[in-house]
Novice: 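Dumping the structure here so I can ask a few things about it.
Fair warning: this is a prediction, and the values are worked out from it, not measured in the lab.
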Amino acid sequence: MTPRALKRGDLPVDTVTLARFLIGVTIIHELPEGIVAARIVETEAYLPDDPASHSHRGPTARNAPMFGRRGHAYVYLNYGMYWLFNISSEEPGIGAGVLIRAAEPVLGVETMMLRRPGKTGPDLLNGPGKLAAAMGIGPAQSGADLCDGGPLRLARPTRAAGEIGMSTRIGLTKAAEAELRFFERGNTWLSGPKALNR
DNA sequence: TCACTGATCGTCT
DNA sequence: GACGATCAGTGAG
């Protein structure tokens, strides 16, 4: 069975606190082929006034969900090919969010493999583009409320989070030195170079 | 395991 | 008209 859904009130308002809170939390997505669920093991915080954040230059049609209430999906196309899944944070009017970078499968591994042909194990979900592809998250989900019982939602951890590690964020050219990446230490489903996962 | 490279296109300058 | 919050493939150590 699937764990109990999270309410908005369960989510910390502060972006960094939310990024840490989300480690261990379950993402559930009901797809036409069946339900998929995964346990978040790696996140990155994108703060208000963060030069690396899409919200930095103010609201636009694309990043609007980052300025809405917390607990909404912000999905955008990166490098012309990959969709990246974020969860909005902070109070309305403040642009910030948490990028979901990696997760471990809980339900629907078969469905994930169908969406990532030829891939198995960590390769299924250990990267933001891979995770969105495996879980069927795309532009249609941008702006979706993850706390209203819809097809895409958050739920309590299936297993409590272990010790949480911290590192610089991955793939940035701006504000690359800030330690705003969070992950579960020792987890085998993490993305990024080994040196960053200690 | 790490470093480098090409692929590809919506968004904002 | 650039520029990416990436990935897969290749080649070297």
Side-chain angles (χ1 to χ4, degrees), chain A residues 14-16 18-23 25 27 38 40-68 70 72-90 94-105 112-144 146 165-183 185-198:
Chain A
D14 175 74
T15 305
V16 167
L18 177 64
R20 300 183 69 111
F21 171 88
L22 288 173
I23 303 294
V25 163
I27 309 169
I40 298 172
V41 299
E42 179 181 337
T43 64
E44 279 179 2
Y46 286 85
L47 309 180
D49 294 324
D50 180 350
S53 174
H54 287 178
S55 62
H56 185 238
R57 295 174 193 276
T60 64
R62 176 176 68 151
N63 67 18
M66 293 189 85
F67 289 84
R70 68 187 187 280
H72 287 252
Y74 167 47
V75 183
Y76 75 95
L77 185 65
N78 196 40
Y79 291 98
M81 289 170 262
Y82 302 104
W83 296 97
L84 272 59
F85 172 51
N86 301 257
I87 299 175
S88 64
S89 58
E90 306 289 339
I94 299 179
V98 176
L99 171 68
I100 309 304
R101 287 197 56 93
E104 53 176 88
M112 294 179 191
M113 291 195 291
L114 286 175
R115 288 178 173 260
R116 297 224 354 107
K119 306 296 180 184
T120 56
D123 253 3
L124 238 27
L125 294 169
N126 66 349
K130 301 178 189 181
L131 183 148
M135 299 199 68
I137 298 174
Q141 281 70 42
S142 197
L146 305 175
M166 205 174 158
S167 81
T168 54
R169 294 176 290 187
I170 293 177
L172 298 187
T173 55
K174 292 174 256 182
E177 66 293 340
E179 300 229 323
L180 292 170
R181 173 174 174 267
F182 304 93
F183 56 92
R185 279 215 170 100
N187 194 288
T188 56
W189 299 80
L190 299 176
S191 78
K194 203 175 175 182
L196 282 187
N197 291 334
R198 299 189 297 220

Novice: Would you mind reporting whether A:R62 and A:Y74 have side-chain heavy atoms less than 4.5 Å apart?
Specialist: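 A:Y74 reaches A:R62 side chain to side chain.
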Novice: Reckon A:R62 has a side-chain N or O less than 4.0 Å from the OP1 or OP2 of C:dA5?
Specialist: no
Novice: Round to the nearest Å and state the distance from A:R169 atom CZ to C:dT6 atom C1'.
Specialist: 16 Å
Novice: With both distances under 3.5 angstrom, what nucleotide forms a Watson-Crick or G-U wobble pair with C:dA5?
Specialist: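 Pairing partner: none.
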Novice: Check for a donor-acceptor pair, side chain of A:N197 on one end and backbone N or O of A:S191 on the other, with a separation under 3.5 Å.
Specialist: yes
Novice: Report yes if a side-chain nitrogen or oxygen of A:K174 is closer than 4.0 Å to either non-bridging phosphate oxygen (OP1 or OP2) of C:dA5; otherwise report no.
Specialist: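 Checking A:K174 against C:dA5: no side-chain N or O falls below 4.0 Å of OP1 or OP2.
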Novice: Quickly work out the A:L77 CG to B:dT11 C1' distance and round it to whole Å.
Specialist: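 Nearest whole value for this atom pair: 10 Å.
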Novice: It should be established whether A:K194 places a side-chain nitrogen or oxygen under 4.0 Å from OP1 or OP2 of nucleotide B:dT1.
Specialist: yes
Novice: C:dA5, B:dC12, C:dA8: which one has an atom nearest the side-chain heavy atoms of A:L99?
Specialist: C:dA5
Novice: Is it the case that A:Y46 and A:H56 place a side-chain donor and acceptor less than 3.5 Å from each other?
Specialist: no
Novice: I need the CZ-P distance between A:R57 and B:dG10, as an integer number of Å.
Specialist: 20 Å
Novice: For A:R181, report the nucleic acid contact type (base, sugar-phosphate, nothing); a contact means any heavy atom under 4.0 Å.
Specialist: nothing
Novice: Would you kindly say whether A:T168 and A:E177 are connected by a side-chain donor-acceptor distance under 3.5 Å?
Specialist: no
Novice: For A:Y79 and B:dA7, say yes or no: do the ring centres fall under 5.5 Å of each other while the ring planes differ by less than 30°?
Specialist: no
Novice: Using modelled atom types only, decide if a donor and an acceptor are shared between the side chain of A:T43 and the backbone of A:I100 within a distance under 3.5 Å.
Specialist: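 No.
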Novice: As a test of reading the structure: which of B:dC12, C:dA5, C:dA8 is closest to the side chain of A:K119, going by heavy atoms?
Specialist: C:dA8
Novice: Determine which nucleotide pairs with B:dT8, using a 3.5 Å limit on both distances of a Watson-Crick or G-U wobble pair.
Specialist: none
Novice: I need the CD-P distance between A:E44 and C:dG4, as an integer number of Å.
Specialist: 16 Å
Novice: Quick one: which of C:dT6, C:dA8, B:dC12 gets closest to the side chain of A:P128?
Specialist: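 Nearest to the side-chain atoms of A:P128, counting from C-beta on, is C:dT6.
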Novice: Between P on C:dG4 and CG on A:N63, what's the gap in Å once rounded to a whole number?
Specialist: 16 Å
Novice: Counting only side-chain nitrogens and oxygens, does A:R101 get under 4.0 Å of the OP1 or OP2 atom of C:dT6?
Specialist: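 Yes, such a contact exists.
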Novice: What is the distance, to the nearest angstrom, from the CG atom on A:D123 to the P atom on B:dT1?
Specialist: 13 Å
Novice: Taking 4.0 Å as the cut-off, does a side-chain nitrogen or oxygen of A:S53 come that near to OP1 or OP2 on C:dA5?
Specialist: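 Negative; the distance criterion is not met.
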Novice: Within the stacking criterion (centroid distance below 5.5 Å, interplanar angle below 30°), does A:Y82 stack on C:dT6?
Specialist: no
Novice: What is the separation between atom CG on A:N86 and atom P on C:dT6, rounded to the nearest whole Å?
Specialist: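 In whole Å, C:dT6 P and A:N86 CG are 11 Å from each other.
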Novice: Please report the distance, rounded to the nearest Å, between OH in A:Y76 and P in C:dG4.
Specialist: 11 Å
Novice: Report yes or no: is the cationic atom of A:R198 (NZ for Lys, CZ for Arg) under 6.0 Å from the centre of the six-membered ring of A:F183, at an angle within 45° of the ring normal?
Specialist: no
